[in-house]
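Atoms within each ligand, like the ligands themselves, are counted from 1 in listed order. Along the sequence shown, residues carry numbers from 1.
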Amino acid sequence: MAKQDKPQHTPDTGHEWDGIRELTNPPPRWWMIAFHASWIWCVVYFILYPAIPLVNDSTKGILGWTQIKEFKQAVEENEAVKAPFLQKVAAMDGQALLADDGLRNFAESSAKAIFGDYCAACHGAGGEGAQGLFPNLADDDWLYGGDIDTIIESITDGRQSNMPAHSEFLNNDELNQLTDTVVALSQGKATAEQMTQFDDVGCSNCHGMDGKGGAINDLGSGAANLTDAIWRFGSSREEIMRTIRDGVNQDPADVPNTRIAIMPAFGGKLSPEAIKMLAVKVHEFGGGK
Ligand code: HEC
Ligand code: HEC
């Protein structure tokens, strides 16, 4: 019996390969429902939302939805939530802000992004600074002071310390002796004789009679504390001698090796509220001390 003569219960397309016939059964019902639902959904979506790319633009969709609008709306909602807090921050001074647990937390978390944008490039993401370049804000050793008002002042007005280059009026022996004095100071071993020289050449004018620095002695010069073993510019003899010889923030045209230490002023760039919140964050970096 030829294959074509076999009884056929189901209609087919007439195609056959190796005895397998292609039938014309419709797909299952669930499949057809899913198929129609999909294309209807597509058409509705194309009408409601931007969909078909044109040369420079695309169809807009009758809902007028855009990603930008959605983003702006989210930003507005966020600002609306923050506004009452920011108003309170604006009305408070730094001390009061620190004393209010809720607002202090708000300030710290709001300041995180601002710190990342404006400060981290120099002071590091965690305020850890960079040896020789930017001071560590996360220890409790301060050039100018770690109380909230002084921190606000540092950020608003900027800071530029000044230590003269001593190469012109000290000879090599004296530079070496003073380097020894500074090393001894950091170990708590400076002799009375060493401190007399320290005072005679004028180091004490800024670093204080005991070498404990401007912030602590209230001289306001930003002069480093030389008695702790925390080094702004490096702890080696060479680094210490370089600071004494070439000073800090002298004119590089005259003293090419002078240290450069300039904290830019943010008073014109950031709002007073932002600066207050940053100060809270910096204050908390230092363990609140
Ligand atoms: C371009 C680099 C740079 C940027 C950006 C910068 N700082 Fe500074 N900052 C410095 C330097 C350098 C000093 C030290 C100045 C000195 O030695 O006199 C300093 C000092 C400080 C001090 C004083 C520290 C002390 O021991 O008393 C504070 C506080 C401070 N910065 C906070 C900030 C905050 C907050 C920001 C972000 C708004 C910021 N800084 C951005 C470079 C920078
Ligand atoms: C006009 C004020 C002034 C005088 C005078 C002065 N210093 Fe300084 N000195 C500073 C300041 C300000 C700094 C901190 C700079 C900074 O960190 O931005 C500093 C920093 C230093 C440092 C670096 C400390 C560190 O942590 O790396 C050493 C060391 C030092 N001074 C030693 C001396 C010695 C020794 C003398 C005397 C020969 C002297 N200074 C005289 C203002 C002065």
Side-chain angles (χ1 to χ4, degrees), residues 111 114-124 127 129-148 150-167 169-170 174-186 190 194-195 197-208 211 213-215 219-237 239-250 258-267 269-270 274-283 285-286:
I114 316 174
F115 191 87
D117 287 349
Y118 292 94
C119 322
C122 290
H123 291 289
Q131 182 79 63
L133 296 171
F134 308 114
N136 185 343
L137 302 177
D139 54 14
D140 49 4
D141 182 52
W142 299 94
L143 292 165
Y144 298 93
D147 62 286
I148 186 90
T150 308
I151 296 175
I152 291 176
E153 205 177 283
S154 293
I155 304 172
T156 309
D157 301 335
R159 297 287 189 189
Q160 180 163 354
S161 58
N162 175 38
M163 167 163 158
H166 290 80
S167 47
F169 42 95
L170 296 180
E174 289 166 317
L175 283 174
N176 265 306
Q177 287 155 6
L178 284 159
T179 303
D180 289 338
T181 304
V182 170
V183 171
L185 263 173
S186 73
Q194 282 178 317
M195 290 317 282
Q197 185 192 25
F198 187 81
D199 192 24
D200 285 348
V201 298
C203 310
S204 55
N205 287 345
C206 300
H207 291 283
L219 297 173
S221 64
N225 181 348
L226 301 176
T227 65
D228 55 18
I230 299 174
W231 298 100
R232 170 89 165 77
F233 297 117
S235 59
S236 67
R237 272 190 63 93
E239 295 291 356
I240 294 171
M241 183 144 24
R242 175 180 158 190
T243 310
I244 303 173
R245 195 191 327 111
D246 299 322
V248 182
N249 285 329
Q250 302 305 295
T258 192
R259 310 270 186 196
I260 300 298
I262 300 171
M263 159 76 188
F266 285 89
K269 285 184 217 152
L270 295 171
I275 290 180
K276 246 181 261 177
M277 296 194 296
L278 274 171
V280 169
K281 181 164 177 63
V282 170
H283 186 267
F285 268 153

**Complete:** Ranking R259, M263, K269, H283 by closest non-hydrogen atom to atom 21 (C) of ligand 1, top hit is M263
**Request:** Return the option from E153, R232, R159 holding the heavy atom at the smallest distance from atom 17 (O) of ligand 1.
**Result:** R232
**Request:** Classify the contact between Y144 and ligand 1 as side chain, backbone, both or neither, using a heavy-atom distance cut-off of under 4.0 Å.
**Result:** both
How does [X] reach ligand 2, by side chain, by backbone, by both or by neither, if only non-hydrogen atoms under 4.0 Å count?
X    : result
N249 : neither
P164 : side chain
T181 : neither

**Message:** Among the N/O/S atoms of H123, which is closest to atom 8 (Fe) of ligand 1? Give the atom name.
**Reply:** NE2
**Message:** I'd like to know if R237 pairs up with D180 as an ion pair, taking the criterion as any Lys NZ or Arg NE/NH1/NH2 lying under 4.0 Å from an Asp or Glu carboxylate oxygen.
**Reply:** yes
**Request:** State whether R259 and E239 are salt-bridged, where the test is any N-O pair (Lys NZ or Arg NE/NH1/NH2 against Asp/Glu carboxylate O) under 4.0 Å.
**Result:** yes
**Message:** Quick check: H166 and ligand 2, any N/O pair under 3.5 Å apart?
**Reply:** no
**Item:** Test of proximity, F233 against ligand 2: N or O pairs below 3.5 Å
**Value:** yes
**Prompt:** Should the ring pair H123 and F134 be called parallel, tilted or perpendicular, given that the plane angle runs from 0 to 90° and is split at 30 and 60?
**Reply:** perpendicular
**Message:** Would you call the rings of F198 and H207 parallel, tilted or perpendicular, taking 30° and 60° as the class edges?
**Reply:** tilted
**Fill in**
Within 4.0 Å of some non-hydrogen atom of L226, the atoms of ligand 2 are 22 (C), 24 (C), 28 (C), 29 (C), 30 (C), 32 (C)
**Asked** Do any of the N, O or S atoms of S154 sit under 2.8 Å from atom 8 (Fe) of ligand 1?
**Response** no
**Message:** Taking only non-hydrogen atoms of N225, do any sit less than 4.0 angstrom from ligand 2?
**Reply:** no
**Message:** Any atom of ligand 2 sitting under 4.0 Å from a heavy atom of N205?
**Reply:** no
**Prompt:** Hey, is atom 8 (Fe) of ligand 2 within less than 2.8 Å of some N/O/S atom on M163?
**Reply:** yes
**Message:** Using a distance threshold of 2.8 Å, state whether an N, O or S atom of C203 lies below it from atom 8 (Fe) of ligand 2.
**Reply:** no
